[in-house]
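Here the structure is a predicted model, which is why all the values come from computation and not from measurement.
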Amino acid sequence: MALIAGGAGPVYAETGDDPVPKAPRITSLGPYGECAADPCAGAGGPGMPGRFSFAPDPADTDVTGYRVQLLGAPARDIGAAEAASSEVTPETDGVHILSVRAKDRGDRWSAPAEFRFKVNRIEDAGRWRFDEGLADPAATVAKDSAPVGEPDDATLHTDGSGWSPLARGGEQDRSLLLDSRDPRKPQEYAATERPVLDTAESFTVSAWAYLTDTRADRVVLSAPGEQEAAFALHYSAAEKKWAFRRGARDEAGTAHIRSLGEASNPPVRVWTHLAGVFDTQYDSDPSNDTVQLFVNGRPQGRPVVAAEAAPSYRPWSATAGLQFGRSRTAGAFRDHFRGRVDEVAVTQWARTEHGVRAEAQVADSGSPATPLVAHWDAAASGGSRLREVSPYPARDMRLSPTGAAFRAEDGSLVLDGTSGHAAGSGPVVDETGSFTVSARVRVEGAALEAKPDGHRALVAGQRAGAGHSWALWIRKHGPGAYAWEFSRAGLAGDGTPVEVTVSGREPARTDAWVDLTGVFDAHQPWSSQEKGAGTGQLALYADLWDVTHGWSGVDRPGQGTGELTVGGAASGGFLPGALKSLRVWTGAMTANEVFQQVVTPEA
């Protein structure tokens, strides 16, 4: 490449003796070493940055920058000045490949150089599933199933049975029941005999919480000292939000450093995944220590710098055992939880967002656990109520005064398409997390054909203000042209309300029973040039043969607050046809689970 004089700056012309740059040199500055043999030696952990330097091949004299990429993650471009020490952060454990290309003044790119390294897996410091009550209802100890170290079993201190069949893992599971309503009796909790974590170092704690009472602070997990708690994962009655707090010091009256949930008045009597991360940034400098709350796998705001929130902060280690369902303030235990706690995990490491999302999925034999939390069954109903038959405390739906009636011959609720519907109190799931809904429905073709083009009839949906946070629909596009739909509402990154809808690929069948299922997977990542990146996938199943997937496109998923309805609402969108059942599960079903748990033979 030859230099041509003149103009506002240097101009380069191609010459035959200037080749494309060669692959650059990659050197690790720690902590990750290059895999030179199998098995490869690991280092660090997910979220711990590695530093690398990049240099051109000795034959290249005009390299101006580099393109750096961990395979499977987005690439980024850096200038030559940044190449002496560049930070790369792996989000997961296992073997990673760092790929680097060099660029010359002519914007030509080299072939990639690759550096293979392994990131250590971080094992649990403790894990409690609370399924002991399944085999022995009289058991008083919850086993610690963490794979390494001495187990830290938790002793239950409960009023009667400490186990509940309403559990995050489903019917073949149990949760820790903390629900005594008698103030004269000892408040319920569980605790380990000794500390499980060194709370002066980075750690992550997580649990599924089923909160039944919000009249006072309700602590899910805590690690106390003599006077205060080094951390508490809890519901704040004053803020009406979920929170993760850390005591600045182990002193009565100390300041509380808090990371608060984004949403006020979170739903109760639903399963919500909570996680708290304390991060020392892998150094001994307390000025950059942070705390952060995650709700259903999503970070709540930015990490809170402890020293900025409380100048008196110093990292300190809890001295008492891990507490399930209470905390210590001013030397006394209080803020007892009301409800159920399940699937608790603690790790001596600051988990990444990816790691927290993985923890929130509750894998059961390789598939997500999806407990049934509501089931309205027309065959079990009569009079003016659509009966709810699950073990969970969802309420019956009340039929509209006109246009809705039960048909005993086939056990269905018949809807006239003009005024008929049924409605009850919602929500029944925390919709910022994953969930699955399914209705067994039959649409009357002649009645739908009589509707105007564009008519959108509601099969089932959860109200949220003037719209729906989620809904199953059938839409008439034109004569004889109908489509099933599953919609999801929320907020875009700029706070603008949005509704995203996926439609069936095949024409919607009428005059036949169809199992219509919508799945919201809150943890599935997505990206697009138009909308950027986020998490959340929608799936729509009409029986099992018509399946449609789509990215949610919402930065903050909506949460319903009003009625849950079938067949329409007082504002319109009435469905002509019949409905046999509506079911709701916590968790995102896979296609195989939809086949096994939802789709039934045609009637």
Considering only distance and modelled atom types, tabulate donor-acceptor pairs under 3.5 Å from the side chains of residues 586-594, sequence neighbours left out.
residue, atom, partner, partner atom, Å
T590, OG1, E593, N, 3.2
E593, OE1, T590, N, 3.0

Side chains of [X] and [Y]: do they bring a donor and an acceptor to under 3.5 Å?
| X | Y | result |
| --- | --- | --- |
| S327 | D335 | no |
| T290 | D279 | no |
| Q559 | T561 | no |

Is the [X] ring parallel, tilted or perpendicular to the [Y] ring (thresholds 30°, 60°)?
| X | Y | value |
| --- | --- | --- |
| F278 | F203 | tilted |
| W163 | F130 | tilted |
| Y32 | F117 | tilted |
| F486 | F435 | perpendicular |

Using a 3.5 Å cut-off and no angle test, enumerate the donor-acceptor pairs between side-chain atoms of residues 261-271 and protein atoms at least two apart in sequence or in another chain.
residue, atom, partner, partner atom, Å
E262, OE2, G301, N, 3.1
R269, NH2, T212, O, 3.4
W271, NE1, Y392, OH, 2.9

Where do R338 and D179 land on the salt bridge (charged side-chain N to carboxylate O under 4.0 Å, His left out) test, with the steps shown first? CA-CA 5 Å; R338 287 282 305 277; D179 212 20; 3.1 Å; yes
Taking all heavy atoms of [X] and all of [Y], pick out the closest pair and write down the distance.
| X | Y | value |
| --- | --- | --- |
| G126 | D144 | CA-OD1, 3.4 Å |
| T517 | S438 | OG1-OG, 2.9 Å |
| A223 | T199 | CB-CG2, 4.1 Å |
| I257 | A309 | CG2-CB, 3.9 Å |
| P90 | V88 | CD-O, 3.6 Å |

Does a salt bridge link [X] with [Y], judged by any charged N lying under 4.0 Å from a carboxylate O?
| X | Y | answer |
| --- | --- | --- |
| R488 | E499 | no |
| D173 | R168 | no |
| R245 | E228 | no |

Might you confirm whether atom CZ of R121 has over 12 heavy atoms from other residues, nucleotides or ligands at distances under 6.0 Å? no
What distance separates S287 OG from Y313 OH, expressed to the nearest 0.5 Å? 10.0 Å
Measuring from atom CZ of R351 to atom CZ of R357, what distance do you get when rounded to the nearest 0.5 angstrom? 13.0 Å
Results of ring pair (Phe, Tyr, Trp, His ring centres under 6.0 Å) for H354 - residues two or more places apart only: none
Y282 ring center within less than 6.0 Å of W349 ring center: yes
